[in-house]
Number of protein chains: 2
Amino acid sequence: MSSSTTDPGGDPLTTRQQAVLDAVLALMVEEGDRLTMSAVARRANCSKETLYKWFGDRDGLLTATVRWQAARVRAGRYDGQRLDIAALRESLIDFAANWLGVISSPTSIALNRLAIGHAASRKSNLGGIVLANGRFAIGERLRPVLEAGREAGLLSFDDAETAFRTFFGLVGRDVQIRLLLGDPLPMGRAEIARDAERATDQFLALHGRPESSTEDRPAPKA
Amino acid sequence: MSSSTTDPGGDPLTTRQQAVLDAVLALMVEEGDRLTMSAVARRANCSKETLYKWFGDRDGLLTATVRWQAARVRAGRYDGQRLDIAALRESLIDFAANWLGVISSPTSIALNRLAIGHAASRKSNLGGIVLANGRFAIGERLRPVLEAGREAGLLSFDDAETAFRTFFGLVGRDVQIRLLLGDPLPMGRAEIARDAERATDQFLALHGRPESSTEDRPAPKA
DNA sequence: ATTCGTCCGTAACGAACGTTACGGTTCTGC
DNA sequence: GCAGAACCGTAACGTTCGTTACGGACGAAT
């Protein structure tokens, strides 16, 4: 863990290299486990020699792929200007929906499976990179929102990290582990929107200041 | 999904076979990824031919191992007699602590990693077995507790499944994904006890009936 | 004691795959 | 144009590992 996302990676990728990494991602989603260097070279219309020249070895290729995917997940900013309870709720719902969309995407599932399988061995922590760009990155982005909410008297909590972890649990629940284990859990736009709203309202019920209007929040459904 | 846990497995294992499966578990925890048939035979002091005679092939061995481990996780019963708010809270805390202990154990982590890696390929759903004996088994065991709490007027929710998933999220939060990805998150007895209590009180704050005494519940800490 | 079945230890086969090497082709700068 | 680099396609090498085969040891039953 050095500067931003556990090592920036070193070199800015050429478009050709990015295309190769996109091919890796596509293969990971389609073929899952059978991600062989030959398959990557075939899919990307490049030679294995080029792969080894660019990325060193198989781990280097996978690491570069994880970083490349992480670079796209960076989503919209959620600044806390004009903070009232409605804006805060909207921000939290946006965060939740965004996060649910990410973890339920086939790319994220394939990537996490790969990183988890790699964490079993000891070599080259893909798991650390995925964590830094996933779980911890979203935590860092949400923290200012939570603290702005507290400053504005809308939220009440002692530790922002603990509060975030509660929010994280309410949003994700069993979704990620079920998807990782192959459960055909449907996570379309409708389910994501519903879950994001429910989780946010539950979070506000736990950490919202009582005086912050409850009239537009239609009482936790379930 | 047939009777209890996605296929009972067929035959009751001999003690020798159980010892072999224990060796597999130990190897999975220690060596992680490098779980080779030769290593299992060496560790268990048996021949590879015996492994293949008993378990068919590598997948059969892994499946038997998952089932064998699942058979021990069966924990205490939580019947809902004499239900008052204190007993309910105690039951929920027990459930939460038990679950946290399971998912943070090295064995469970190694097993889930293996099943997730297997879910990437399509063959022989270890993921389904792990889900059936983990996430879904605990859901089935907790459901009667929740419904008894509702019958007794202590809890309020529409759907027991949804309520359980909320509890699941509050308990597990980011623990499982972090451990699976190799994060050195400390989860000792102290952390587990604290998390179980916090999650239970949060759940009761969301779904508890207001008239059920709040005096012994020391206001959600964070 | 002999025979049969079960199991151990080890060797061998074959496929998959990471890695390297090589000849031919395309692109770039002078 | 031309030299050199970068790159493609493919072949080859070595290792790992799942799977099978073989010979011998041990125990139970006849």
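Naming convention: chains lettered A, B, ... in sequence-line order (proteins, then strands); numbering from 1 in each chain.
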Side-chain N or O of A/Arg16 closer than 4.0 Å to phosphate OP1/OP2 of C/dC27:
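Indeed not, no polar side-chain atom of A/Arg16 lies that close.
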
Give a yes/no answer on whether the side chain of A/Ser38 brings an N or O atom under 4.0 Å of OP1 or OP2 in C/dG18.
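No, outside the criterion.
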
Report the distance from atom CG of A/Asn98 to atom CD1 of A/Ile192, rounding to the nearest 0.5 Å.
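Separation between the atoms: 9.5 Å.
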
Rounded to whole Å, please give me the gap between CE in B/Met37 and P in C/dC8.
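So the CE-P distance, B/Met37 to C/dC8, works out to 13 Å.
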
Would you call B/Leu146 and B/Phe203 a side-chain contact if the rule is heavy atoms closer than 4.5 Å?
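The answer is yes, as the side chains (C-beta and beyond) meet within the 4.5 Å cut-off.
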
What do the steps show when you test B/Gln202 against A/Thr166 for side-chain hydrogen bond (donor to acceptor under 3.5 Å, both in side chains), and what is the final call?
CA-CA 9 Å; B/Gln202 287 176 323; A/Thr166 294; 3.2 Å; yes

Between A/Arg173 and A/Asp195, does any NZ, NE, NH1 or NH2 come within less than 4.0 Å of an OD or OE carboxylate oxygen?
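A/Arg173 and A/Asp195: salt-bridged.
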
Check this for me, if you would: do B/Arg72 and B/Asp22 make a salt bridge, where the nitrogen-to-carboxylate-oxygen distance has to be below 4.0 angstrom?
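Yes, B/Arg72 and B/Asp22 are salt-bridged.
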
Can you list, by residue number, the residues of residues 44-63 of chain A that have a non-hydrogen atom closer than 4.0 angstrom to DNA chain C?
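Output list: A/Lys48, A/Glu49, A/Tyr52, A/Asp57, A/Arg58.
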
Those residues of residues 28-35 of chain B lying under 4.0 Å from DNA chain D by at least one heavy atom
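Heavy-atom contacts with DNA chain D come from B/Leu35.
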
Regarding [X] and [Y], is there a side-chain donor-to-acceptor distance under 3.5 Å anywhere?
X        : Y        : result
A/Ser108 : A/Ser105 : no
A/His118 : A/Asn125 : no
A/Asp59  : A/Thr63  : no

